[in-house]
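So the structure is just underneath, and the comments pick up after that.
We name chains A, B, ... by the order of the sequence lines, and we start the count at 1 in each one. Nothing here was measured: the structure is a model prediction, and the numbers come from that model.
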2 protein chains.
Amino acid sequence: MEAQLTDARPRDRAATRQRLLEAARMLFGEYGYEQVTVRMIASAAGANIALVGRYFGSKAGLFGEVLAGEPTVRAVVEGDRAGLPRRLAEYAAERMSHDPESPILRSLERSAGDPEIQALVRDRLQAVLIEPIEALLGGPDAHARARMATAVFLGIGSVRRLVGPETPSPADVDRLTAVFELCLGLEPLP
Amino acid sequence: MEAQLTDARPRDRAATRQRLLEAARMLFGEYGYEQVTVRMIASAAGANIALVGRYFGSKAGLFGEVLAGEPTVRAVVEGDRAGLPRRLAEYAAERMSHDPESPILRSLERSAGDPEIQALVRDRLQAVLIEPIEALLGGPDAHARARMATAVFLGIGSVRRLVGPETPSPADVDRLTAVFELCLGLEPLP
DNA sequence: GCGGCTAGTAAACGAGCGTATACTCGCCGA
DNA sequence: TCGGCGAGTATACGCTCGTTTACTAGCCGC
């Protein structure tokens with residue numbers, strides 16, 4: 001009887017690449033760009049260090065690909081305009097008590113230093129949060145309002161990360177909803 | 001005529017220490033903890049690298065002393081309760097367009113990685129922002145409200161840092177004031 | 001005048017990083 | 001059967017970091 005009952009072939013470029021990508025996604029999200037070494041990634045993926053360079057060019061290239069491959073927070077931002085504050089508030093409330101699942105958001109919180117990485121993160125933040133909100137809002141100062149809502153959103157993550165998670169009460173979520181309504185210049189729902 | 005007209009004596013332990021401290025304050029504020037090397041600090045202070053270790057124990061020790069020596073944002077947090085949202089909003093608006101002068105706030109934005117540094121920054125954030133606001137507010141959920149206001153405050157800095165500065169309009173400041181009133185659970189001023 | 005305390009210096013250490021190189025080995029088509 | 005292509009490997013390179021060590025030299029009390 002031959003071994004290799006599973007379909008996981010050895011020497012499978014695509015599969016190894018994928019394992020590296022997923023290990024990187026997990027580690028970058030957990031610890032931030034600069035705290036994660038390529039050795040950690042390779043080790044977590046059960047692959048060789050040199051393969052990071054071979055498959056992604058560099059550590060930054062790998063990070064970029066992780067960011068690009070994210071499904072993002074689109075579910076929150078897409079949807080009807082009136083419900084946006086509530087959806088933002090509920091998502092933000094989730095982030096008061098738990099680390100985000102999305103490497104983008106985690107990276108936004110944790111990856112500060114490297115200018116190249118900052119540029120990647122910035123572009124992504126614009127693309128997945130600020131611009132969609134701005135488009136949904138419309139109006140003359142939509143950009144400023146989208147920016148402010150994004151600020152609240154990010155700040156909640158910063159506070160959790162810095163001073164620890166805390167479970168929000170229902171009243172907190174309501175207050176947060178009102179805050180987002182105010183930021184976005186939308187009327188409260190009846 | 002002898003040289004040394006100034007009162008800056010050479011071989012002055014206290015003065016050298018002070019120069020190192022001020023160079024560190026400036027650099028940490030500008031670039032964040034991990035981006036600044038002890039060589040940069042020593043060079044900016046015109047001192048030898050080894051003196052950082054001698055006078056402050058370590059880079060982290062120096063950072064801790066920089067944080068501890070900060071005058072902080074006390075002016076905003078101290079004062080009457082009713083005016084707090086406005087003061088917060090004005091200070092936050094300032095931070096929309098300019099980098100903060102305070103190394104604490106800058107470090108809050110930029111120093112993410114090292115756990116020891118994170119602990120220092122967290123303690124400082126609690127001491128200078130969350131706890132004073134909480135004390136000023138009073139009431140049952142004062143902590144949650146102080147946390148939320150702090151989140152908005154920090155988030156604004158994050159957005160400026162990530163996507164660039166933007167000068168707020170007077171309407172933005174008004175909206176921000178309302179946001180802080182909401183966060184803090186205070187009534188709007190007449 | 002001189003010995004010792006001490007501020008300041010130069011240089012190196014060891015570790016960790018991202019990256020690059022030279023290699024091994026197994027599979028597959030001819 | 002065999003040659004080569006390519007996935008995967010082991011290792012080292014060059015660099016920068018924080019830290020430490022051994023040393024130099026100036027001031028002060030005696």
Would you kindly compare A:R39 and A:G46 by the position of their nearest DNA chain D nucleotide and give the one closer to the 5′ end? A:G46
Taking the six-membered ring for Trp, are B:F63 and B:F56 closer than 6.0 Å centroid to centroid? no
Using heavy atoms to find the nearest nucleotide of DNA chain C for A:M40 and A:G53 separately, return the residue whose nucleotide is more 5′. A:M40
For B:Q18 and C:dG8, what is the distance between atoms CD and P respectively, to the nearest whole Å? 13 Å
What is the distance from NZ of A:K59 to P of C:dA20, rounded to the nearest Å? 15 Å
When rounded to whole Å, the CD to P distance for the pair B:E116 and D:dG18 reads 13 Å
What is the distance, rounded to the nearest whole Å, between atom CD of B:E34 and atom P of D:dG18? 11 Å
May I ask you to decide whether A:E166 forms a salt bridge with A:R160, counting only side-chain N to carboxylate O separations under 4.0 Å? no
B:A50 has a side chain; which of C:dT9, C:dT19, D:dA7 sits nearest to it? C:dT9
Donor/acceptor link under 3.5 angstrom from B:R13 side chain onto base of C:dT6: no
Rounded to the Å, how far apart are B:Y31 OH and D:dC17 P? 14 Å
Is the closest basic N to carboxylate O distance between B:R25 and B:E70 below 4.0 Å? yes
Specify the separation, in whole Å, of atom CG of A:L51 and atom C1' of C:dT19. 13 Å
Can you see if the side chain of B:T16 gets near the phosphate of C:dA7 - specifically, an N or O under 4.0 Å from OP1 or OP2? no
Side-chain atoms of A:R54 come closest, of D:dG8, C:dT19, C:dG8, to D:dG8
Regarding the side chain of B:Y55, the nearest nucleotide among C:dA7, D:dG6, D:dT9 is C:dA7
Candidate nucleotides D:dA10, C:dG18, D:dT19, ranked by approach to the side chain of A:N48 - the nearest: D:dA10
Taken to the nearest whole Å, CZ/A:F56 to P/D:dG8 is 12 Å
Can you identify which nucleotide, out of C:dG18, D:dC17, C:dT9, has its nearest atom closest to the B:T37 side chain? D:dC17
Donor-acceptor pairs under 3.5 angstrom involving side-chain atoms of residues 127-136 of chain A: please list them, not counting sequence neighbours.
residue : atom : partner : partner atom : Å
A:E134  : OE1  : A:H143  : ND1          : 2.9

Whole-Å distance, A:F63 CZ to C:dT19 C1', equals 19 Å
How close do A:V36 and A:K59 get, counting heavy atoms only, and between which atoms? O-NZ, 2.8 Å
B:R11 side chain, from C-beta outward: closest of D:dG6, C:dA7, C:dG18: C:dA7
